[in-house]
Amino acid sequence: MSNKRPLPLVPIIIIIAIIAAVIAIIMWFKPAQEIETRSAETALDNSTVNAQNLSTDNSESQTATTVANTKFTTGLERLPRSLQGTDVDGEIIIDENKQLVVTEGLRRLFDYFLSALGEEDEATIYARVESYIRSHTPEPAASQAVAIFNQYAAYLKAIPAIEDRYGNLQLQATRSGELDLNAVTQQKQDVANLRQQFFDRETIDAFFGLEDDYDDYSMEMVRINQNEQLTEAQKEAARQDYISRLPEGATKDNIEQQANLGRLMERTEQMKAQGASPEALYNMRRELVGEAAAARLAQVDSQDANFDQRFRQYQAQKQRLLSQKTDRAQANAQINQLEQQLFSETERKRLTGYAAIQQNQ
């Protein structure tokens, strides 16, 4: 079975990734989902939930939950098309006392089922999630997980209002070529305040901690990149200094890898424009990403050069056929035969796009 990862929220920093070349490769951030609001019917501790956003009539809530839950036993019956043939993403972890241990994997579990919103209505998804949790989890952890799911869904409902409030400012800043970091910082603070209305500190750290680390890194990279008082060498030194001061761990390792990849792409383009030899490119890449990756990139370069050579041969013969033949159908037949001789089926799909790129260059 394939393992499907659902598409969660758009963090603020996707705007940053667009405008900052140094971090354009960061793909951590996520597209927005709009989730309709629903009260926490079975919350273990409603004191962590904003009463104004989640207030509901208990009798109606319990009735709706009972009716909805009759549809499922495990939550995996009659899955929507997008989830069929996939493994459930995420995790539910409990401790020795059967208390829920909140992790980022729990959020992924929620996102897995919520990704089907649109294929299934909200009530069905909520019933599916609750049935899945209760069929896989003992009490009290099951009720704790259901409560957090309801809080999470209500939080997702509230997020678009903040995004809408700042969206035009971000678009305007992006079009002008620079991001308004003050606006982004304020937006992040509004999101942080919203999270505190729905979750305790443990849940916030587990659900959003890694995402926030990348947001902070990305914002600092943009701040450095937009500092006109720094030379390019000073900017690079500032980037390295920031990364070096990050706490040791998987996040720092991944950010270092991302930063190396960014430098790799930039230096590769510069060196190719200057006519660097394959040996020089290999040595530079080995320094940044290691010998194995450098060897793979060298192989890609060789394959690209081979394709480019065949493409130029194809273009020359194609133009000659079009200029010589008065019968366009016969010329097209010969061009099609030429394509089959020079390119594989996969490569032939690239021809139109590759020709457009070459023309623009």
Side-chain angles (χ1 to χ4, degrees), residues 1-7 10 14-15 17-31 81-82 84-86 115 118-119 171 174-175 177 257-258 260-286 288-361:
M1 298 174 73
S2 64
N3 194 19
K4 174 180 176 180
R5 175 68 193 266
L7 299 176
V10 171
I14 192 167
I15 301 299
I18 296 174
I19 69 159
V22 67
I23 57 167
I25 55 165
I26 295 180
M27 301 283 183
W28 192 268
F29 309 113
K30 316 171 185 177
R81 183 182 300 273
S82 65
Q84 292 175 8
T86 69
S115 69
E119 292 182 86
L171 181 61
T174 301
R175 287 174 175 171
Q257 188 178 46
Q258 299 268 2
N260 283 342
L261 182 56
R263 288 195 297 274
L264 174 69
M265 295 170 64
E266 182 179 356
R267 291 180 63 178
T268 296
E269 291 301 316
Q270 292 174 349
M271 292 179 67
K272 284 185 175 182
Q274 296 168 358
S277 67
E279 292 77 16
L281 283 170
Y282 176 83
N283 291 334
M284 179 273 293
R285 289 164 169 170
R286 182 177 59 184
L288 287 178
V289 294
E291 187 169 354
R296 289 194 297 270
L297 289 169
Q299 183 179 12
V300 170
D301 282 348
S302 177
Q303 293 171 347
D304 287 345
N306 178 268
F307 179 85
D308 186 68
Q309 181 181 15
R310 286 180 286 128
F311 178 80
R312 294 179 185 278
Q313 177 185 352
Y314 160 75
Q315 285 289 80
Q317 294 186 38
K318 176 181 177 180
Q319 293 302 320
R320 186 163 54 251
L321 287 170
L322 290 175
S323 62
Q324 291 176 352
K325 295 291 182 181
T326 55
D327 187 339
R328 181 53 63 91
Q330 184 179 1
N332 288 336
Q334 291 183 322
I335 290 171
N336 184 62
Q337 183 179 7
L338 179 64
E339 290 179 359
Q340 295 181 26
Q341 292 173 350
L342 292 176
F343 305 103
S344 68
E345 181 178 356
T346 301
E347 289 175 330
R348 290 199 295 275
K349 297 177 181 178
R350 296 176 53 192
L351 292 179
T352 301
Y354 195 78
I357 293 174
Q358 295 299 311
Q359 184 175 5
N360 290 334
Q361 291 178 342

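Remember, predicted model here, so these are calculated numbers, not experimental data.
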Measuring from [X]:[atom1] to [Y]:[atom2], what's the distance to the nearest 0.5 Å?
X: M284; Y: L264; atom1: CE; atom2: CG; value: 5.5 Å
X: N332; Y: L322; atom1: CG; atom2: CG; value: 7.0 Å
X: E347; Y: F311; atom1: CD; atom2: CZ; value: 12.0 Å
X: I335; Y: Q319; atom1: CD1; atom2: CD; value: 8.0 Å

State, to 0.1 Å, how close Y282 and E291 come at their nearest heavy-atom pair, and which atoms those are. OH-CG, 3.1 Å

Can you name the salt bridge (charged side-chain N to carboxylate O under 4.0 Å, His left out) partners of R267, sequence neighbours left out?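 Partners of R267 under the salt bridge (charged side-chain N to carboxylate O under 4.0 Å, His left out) test: none.
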
If a pair satisfies salt bridge (charged side-chain N to carboxylate O under 4.0 Å, His left out) and one of its residues is in residues 336-346, list it, with sequence neighbours excluded.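 Passing the test, one end in residues 336-346: no pairs.
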
Knowing that exactly one of Q340, Q334, Q341 qualifies, which makes a side-chain contact (heavy atoms from CB on, under 4.5 Å) with L338? Q341

Please identify which of these residues, Q317, K318, R312, meets the side-chain contact (heavy atoms from CB on, under 4.5 Å) condition with Y314. K318

List for me each residue that meets side chain to side chain donor-acceptor pair (under 3.5 Å) alongside R296, sequence neighbours excluded, and say none if there are none. none

With N336 via side chain to side chain donor-acceptor pair (under 3.5 Å) - residues at least two apart: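 Partners of N336 by the side chain to side chain donor-acceptor pair (under 3.5 Å) criterion come out as none, since no residue qualifies.
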
Partner residues of [X] under the side chain to side chain contact (heavy atoms under 4.5 Å, CB included) criterion, sequence neighbours left out:
X: S277; result: E279, A280
X: N283; result: R286
X: T352; result: none

Side-chain donor-acceptor pairs under 3.5 Å in residues 299-307, sequence neighbours left out?
residue, atom, partner, partner atom, Å
D301, OD1, K272, NZ, 3.2
D301, OD2, R285, NH1, 2.6
D301, OD2, R285, NH2, 2.9
N306, OD1, R310, NE, 2.8
N306, OD1, R310, NH2, 3.0

Do the non-hydrogen side-chain atoms of L297 and T268 ever get within less than 4.5 Å of each other? no

Does Q309 have more than 12 heavy atoms from other residues, nucleotides or ligands lying within 6.0 Å of its CD? no

